Asker: 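Mind having a look at this structure? Questions to follow.
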2 protein chains.
Amino acid sequence: MTILENAALVLRCFGNNCTDLTVSEVSERLGLPKASASRLLKSMRETGMLEEIGGSRRHRPGRMMLNLSAAFRYSSGVIGRARAAVHELSQAFGHTGYVSIRDGRQVLAIADFEGTNALRVGASVGNKLPAERCATGRSLLARLAPAEVALLYPDGPVAERLASQLERIRRTGYSFSSQETTPGVDGLAVAVGDPVTSEAVSLCLVYPHNLVSEAERNTMIDAMLDSAGGIAEAVGDPLFRAAERRVPA
Amino acid sequence: MTILENAALVLRCFGNNCTDLTVSEVSERLGLPKASASRLLKSMRETGMLEEIGGSRRHRPGRMMLNLSAAFRYSSGVIGRARAAVHELSQAFGHTGYVSIRDGRQVLAIADFEGTNALRVGASVGNKLPAERCATGRSLLARLAPAEVALLYPDGPVAERLASQLERIRRTGYSFSSQETTPGVDGLAVAVGDPVTSEAVSLCLVYPHNLVSEAERNTMIDAMLDSAGGIAEAVGDPLFRAAERRVPA
DNA sequence: ACAACCGTTCCATTATTCGAAACAATTATC
DNA sequence: GATAATTGTTTCGAATAATGGAACGGTTGT
């Protein structure tokens, strides 16, 4: 087991409800001897991958790590464009928006824009969600061929329901969820991808369920499809074409 | 030279105008043999620290790294509060806002909020700036004792000018820069810190020089001091007290 | 098709990492 | 405030992974 793997495992601990770690926590979570955990954290501290929080013995990612997400964001053309688009959409409708990518069966928000409405959904970039259970995730899954989806989700009631949902998304071009992840919160998502790098991102708006009429929702969907369509055209996304033929809601 | 140090050096390459790396670039920048660079990137790929961009031979930070900045942000109370405050300030005035921390003689933006005005300053989190040459940086330097500043900036004309600037900031509680970093762009900054973790952050607003009158600027300064004062009170920042006695502009 | 460049793999040598237990320092409990 | 319990650090030889040079595929550009 190389030290790099262990370092990566430590870094993986951060994220969902874990903002800092101690030696014993690492020892326990990775099943490492105390000694190894201690030395590992020490090395990571010395290289700047971790830093101590205010002289205590808790560790968090070092500030050198803060640059990395920026590098990721700008390394991809689609992501940059999606960020700009969601920012505009978020401003236009006052709702919180996300840009997300899929990682296996999970989706990961890589940018968020908090809405301007008094009642808005809080933004929390970095959270992971199960792809099959949110609008964002399904919009990305819908870009896969049914056979690829089947590889991710073995046969069963879940897979069956998902297949029909994805079929609808492919037909209409957008994805919708109502109070699925969070009670009282609905979400709309549209995905675009770069055929060259084969990277796909999802543009997503989330809003309070009771605050948006069906007419407003359709306005948002149109705006999102417009924005995403612009990106799709710019990067030459062949999969997006189908969405242009979507049936009016 | 442990592999962890080299990995950290690779990660450090990302950020300022560098969103992706190749084997030979790493070999050149770190002065490593091709073979070592190749294996290093391979290992980092396998652990998820890096990923290939769309099957090419360019590498960028892996998506597992995206969680880290979130962990950093939420690991600190001041940072979270500062984010919320700057978000509100940004919305209120329509100008772009930042939250930054100091790292030696540099400042690093850890959160940004793009303004809503038609003419606004673009946001770019992750950029590093020299601390002595921007409002944000000076607001943070002003929290240090003169002796500590002297350690960072050896005697000379720069240090002398800086000392008088910091003195003014300590007296008024806020920091101002006019077209210093970017032509046409002014900035206002106020710093707060957590005495427990001894972490200090700066709240900053940037706006087009020609668009803001002196009266408007004073309104912004008041609002920023209000927001920061609230944070200072909540976390018990002893250094902020002085700012309450600031002379009206 | 050729050349130039970039990236990967092989090898023995070298240096780092490993786990166990003893040691030190912290925090919790009485 | 003293003791106990938990948490973090250091030391050691044995084991393992990292190193750089050179030879080997693969890709790009002319």
Side-chain angles (χ1 to χ4, degrees), chain A residues 1-14 17-62 71 75 77 194-199 236, chain B residues 1-14 17-62 64 71 75 77 194-199:
Chain A
M1 187 68 70
T2 135
I3 196 180
L4 211 57
E5 291 177 56
N6 283 328
L9 288 174
V10 169
L11 294 176
R12 265 179 219 284
C13 292
F14 293 106
N17 305 320
C18 174
T19 58
D20 53 66
L21 291 168
T22 65
V23 169
S24 22
E25 278 171 355
V26 170
S27 164
E28 195 177 340
R29 292 174 78 142
L30 305 193
L32 255 67
K34 287 184 306 182
S36 304
S38 176
R39 266 171 313 173
L40 178 57
L41 291 200
K42 185 183 180 184
S43 304
M44 293 180 73
R45 234 181 297 141
E46 284 166 355
T47 58
M49 291 189 179
L50 295 182
E51 65 182 37
E52 290 183 307
I53 303 182
S56 73
R57 98 212 71 214
R58 291 176 307 170
H59 295 72
R60 70 175 168 203
S75 70
D194 184 336
V196 178
T197 62
S198 63
E199 290 180 309
Chain B
M1 187 68 70
T2 138
I3 195 181
L4 210 57
E5 291 177 55
N6 283 328
L9 288 174
V10 169
L11 294 177
R12 266 180 218 285
C13 292
F14 293 107
N17 305 321
C18 174
T19 59
D20 53 66
L21 291 168
T22 64
V23 168
S24 19
E25 278 171 355
V26 169
S27 163
E28 195 177 341
R29 293 174 79 139
L30 305 193
L32 254 63
K34 287 184 306 183
S36 304
S38 176
R39 267 169 311 170
L40 178 58
L41 291 200
K42 184 184 180 186
S43 304
M44 293 180 73
R45 234 181 298 141
E46 284 166 354
T47 58
M49 290 188 179
L50 296 182
E51 65 182 39
E52 288 183 306
I53 304 183
S56 73
R57 103 213 65 207
R58 292 175 307 169
H59 295 72
R60 70 176 167 203
M64 64 158 285
S75 70
D194 184 335
V196 178
T197 61
S198 61
E199 290 181 309

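A note on names: the letters A, B, ... follow the listed sequences, proteins ahead of strands, and every chain is numbered from 1. Just so it is clear, the model here is predicted, and its values are computed rather than measured.
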Asker: OP1 or OP2 of C:dC18 sitting under 4.0 Å from any side-chain N/O of A:N6?
Answerer: yes
Asker: So how far is it from A:R45 CZ to A:E51 CD, rounded to the nearest 0.5 Å?
Answerer: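 Rounded to the nearest 0.5 Å, the CZ-CD separation comes to 11.5 Å.
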Asker: Can you figure out which of D:dG20, D:dA18, C:dT8 approaches the side chain of B:P33 most closely?
Answerer: D:dG20
Asker: In Å, rounded to the nearest 0.5 Å, how long is the span from CE of B:M44 to CG of A:L4?
Answerer: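 Answer rounded to 0.5 Å: 6.5 Å.
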Asker: Considering every strand and a 4.0 Å limit on heavy-atom distances, what is the contact class for B:T22: base, sugar-phosphate, or nothing?
Answerer: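 Touches sugar-phosphate only.
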Asker: Of the nucleotides D:dG20, D:dG8, C:dA21, which has the atom closest to the A:A35 side chain?
Answerer: C:dA21
Asker: Heavy atoms, side chains only, cut-off 4.5 Å: are B:T47 and A:L9 in contact?
Answerer: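 B:T47 does not reach A:L9 side chain to side chain.
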Asker: Nearest whole Å is fine: how far is C:dT9 C1' from B:K42 NZ?
Answerer: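 For the pair B:K42 NZ and C:dT9 C1', the rounded distance is 8 Å.
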Asker: Between A:R45 and B:T2, which residue's closest nucleotide on DNA chain D lies nearer the 5′ terminus?
Answerer: A:R45
Asker: To the closest 0.5 Å, what do you measure between OG (B:S36) and CG (B:L41)?
Answerer: 11.0 Å
Asker: Nearest whole angstrom, please: distance from the P of D:dG20 to the CG of B:L40.
Answerer: 11 Å
Asker: Over how many whole Å does the gap from B:L21 atom CG to C:dC6 atom C1' extend?
Answerer: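 The answer, rounded to whole Å, is 15 Å.
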Asker: Can you tell me the distance, in whole Å, between the CD atom of A:E5 and the P atom of D:dT16?
Answerer: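 Distance check: A:E5 CD to D:dT16 P gives 15 Å.
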Asker: Could you state the CD1-P distance from B:I3 to C:dT17, rounded to the nearest angstrom?
Answerer: 9 Å
Asker: Which part of the nucleic acid, if any, lies within reach of B:S38 when heavy atoms closer than 4.0 Å are counted: base, sugar-phosphate only, or nothing?
Answerer: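 Answer is base: heavy atoms of B:S38 come under 4.0 Å of a base.
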Asker: Using whole Å, report how far CZ of B:R58 lies from P of C:dC6.
Answerer: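 Roughly 15 Å, once rounded to whole Å.
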Asker: Using whole Å, report how far CD of A:E28 lies from P of D:dT7.
Answerer: 9 Å
Asker: Hey, is the side chain of A:R39 poking within less than 4.0 Å of OP1 or OP2 on D:dG8, counting only N and O atoms?
Answerer: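 No, outside the criterion.
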Asker: In whole angstroms, how far is the P atom of D:dA18 from the CG atom of B:L30?
Answerer: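 Rounding to the nearest Å, CG of B:L30 and P of D:dA18 are 17 Å apart.
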Asker: Heavy atoms from C-beta onward define the side chain here; which of D:dT10, D:dG8, D:dA22 lies closest to that of A:K34?
Answerer: D:dG8
Asker: First locate atom CG of A:N6, then atom CG of A:L40, and finally report the distance between them rounded to the nearest 0.5 Å.
Answerer: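 Going from the CG atom of A:N6 to the CG atom of A:L40 covers 5.5 Å.
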Asker: So which one's nearest nucleotide on DNA chain D is more toward 5', A:V23 or A:L4?
Answerer: A:V23
Asker: Would you tell me if any nitrogen or oxygen in the side chain of A:S36 comes within less than 4.0 Å of OP1 or OP2 on C:dC18?
Answerer: no
